[in-house]
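Before any comments, here is the structure.
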Amino acid sequence: MAVQKFEDLLVWQKSQALAVAIYNVFKDNNDFSFRDQIKRASVSISNNIAEGFDRNSNADFTRFLYIALSSNSEVRSMLYLSISLNFLSQDESRELIEMTNEISKMLHGLIKSIKN
């Protein structure tokens with residue numbers, strides 16, 4: 001059975017969970033520009049999946065999945081930076097980085113399945 005709505009996509013669900021986790025981890029961070037950027041990038045992942053899905057075009061969906069992939073990479077990059085800036089410890093960031101790696105694999109797999 002084909003997916004009928006973006007909410008059924010596991011990668012969308014996982015990217016929503018990542019955004020919630022990012023919001024929770026950085027809610028008290030006083031570096032407002034860093035906090036806002038990582039929050040916006042995390043929200044962008046699931047939003048681009050949703051927007052692309054509802055375009056009803058494989059080409060458009062794929063384009064938006066690449067944008068989601070880029071936002072996911074931005075979040076991961078910022079998580080590494082958060083370690084260097086002592087916003088998070090390596091242990092605190094490990095789970096979040098793993099979430100971004102899993103989302104990346106899922107997005108690559110979805111893109112590949114659409115192209116085939």
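Sequential numbering from 1 along the given sequence is applied to the chain's residues. Here the structure is a predicted model, which is why all the values come from computation and not from measurement.
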TODO: Group every Ile, Leu, Val, Met, Phe, Trp and Tyr by side-chain heavy-atom contacts under 4.5 Å, then state whether W12 and V43 land in the same group.
DONE: no

Open item on the list: Test: side chain to side chain donor-acceptor pair (under 3.5 Å). Region: residues 83-93. Which pairs qualify, not counting sequence neighbours?
Closed with: S89-E92, D91-R94

Task: Donor-acceptor contact present, side-chain S77 to main-chain S73, <3.5 Å - done: no

Open item on the list: Per the salt bridge (Lys or Arg N to Asp or Glu O under 4.0 Å) rule, what does the pair list look like for residues 68-88, sequence neighbours excluded?
Closed with: none

Could you go through residues 104-116 and list every donor-acceptor pair under 3.5 Å that involves a side-chain atom there, pairing it with any protein atom two or more places apart or in another chain?
unit_1, atom_1, unit_2, atom_2, d
S113, OG, L110, O, 2.8
K115, NZ, Y66, OH, 2.9
N116, ND2, K112, O, 3.3

Open item on the list: Donor-acceptor pair, distance only, cut-off 3.5 Å: does the side chain of D8 make one with the backbone of V3?
Closed with: no

Task: Sequence-distant partners of K27, side-chain contact (heavy atoms from CB on, under 4.5 Å), two or more places apart - done: none

Task: Those residues that, when tested against E102, pass side-chain hydrogen bond (donor to acceptor under 3.5 Å, both in side chains) (two or more places apart) - done: K14

Task: Residue pairs, two or more places apart or on separate chains, that pass salt bridge (Lys or Arg N to Asp or Glu O under 4.0 Å) and touch residues 28-49 - done: none

TODO: Return yes if some donor-acceptor pair links the side-chain N/O of N24 with the main-chain N/O of V20 below 3.5 Å, else return no.
DONE: yes

Tell me which donor-acceptor pairs under 3.5 Å the side chains of residues 47-54 have, and how far apart each pair is, sequence neighbours excluded?
unit_1, atom_1, unit_2, atom_2, d
N48, ND2, S44, O, 2.8
N48, ND2, S44, OG, 2.8
E51, OE2, R55, NH2, 3.1

TODO: Write out all pairs satisfying ring-ring contact (aromatic ring centres under 6.0 Å, His included) with one or both partners inside residues 86-105, taking only residues at least two apart or from two chains.
DONE: F34-F87

TODO: Locate the shortest heavy-atom distance separating A21 from L96; write the atom from each residue and the value.
DONE: CB-CD2, 3.6 Å

TODO: Applying side-chain contact (heavy atoms from CB on, under 4.5 Å), name anything that partners Q13, two or more places apart in sequence or on another chain.
DONE: L10

Open item on the list: Holding to side-chain hydrogen bond (donor to acceptor under 3.5 Å, both in side chains), I want the full list of residues that pass it with R63, two or more places apart in sequence or in another chain.
Closed with: none

Task: Heavy-atom side-chain proximity of I22 to L79 below 4.5 angstrom - done: yes

Task: Cluster check V75, Y80: I/L/V/M/F/W/Y, side chain < 4.5 angstrom - done: yes

TODO: Any chance you could pull the hydrophobic cluster mates of I67, using side-chain heavy atoms under 4.5 angstrom and chaining through other members?
DONE: F64

Open item on the list: Tell me the closest heavy-atom pair linking S15 and S46, and the distance in Å.
Closed with: OG-CB, 3.1 Å

- [ ] Apply side-chain hydrogen bond (donor to acceptor under 3.5 Å, both in side chains) to D60 and list each qualifying residue two or more places apart in sequence or on a separate chain.
- [x] none

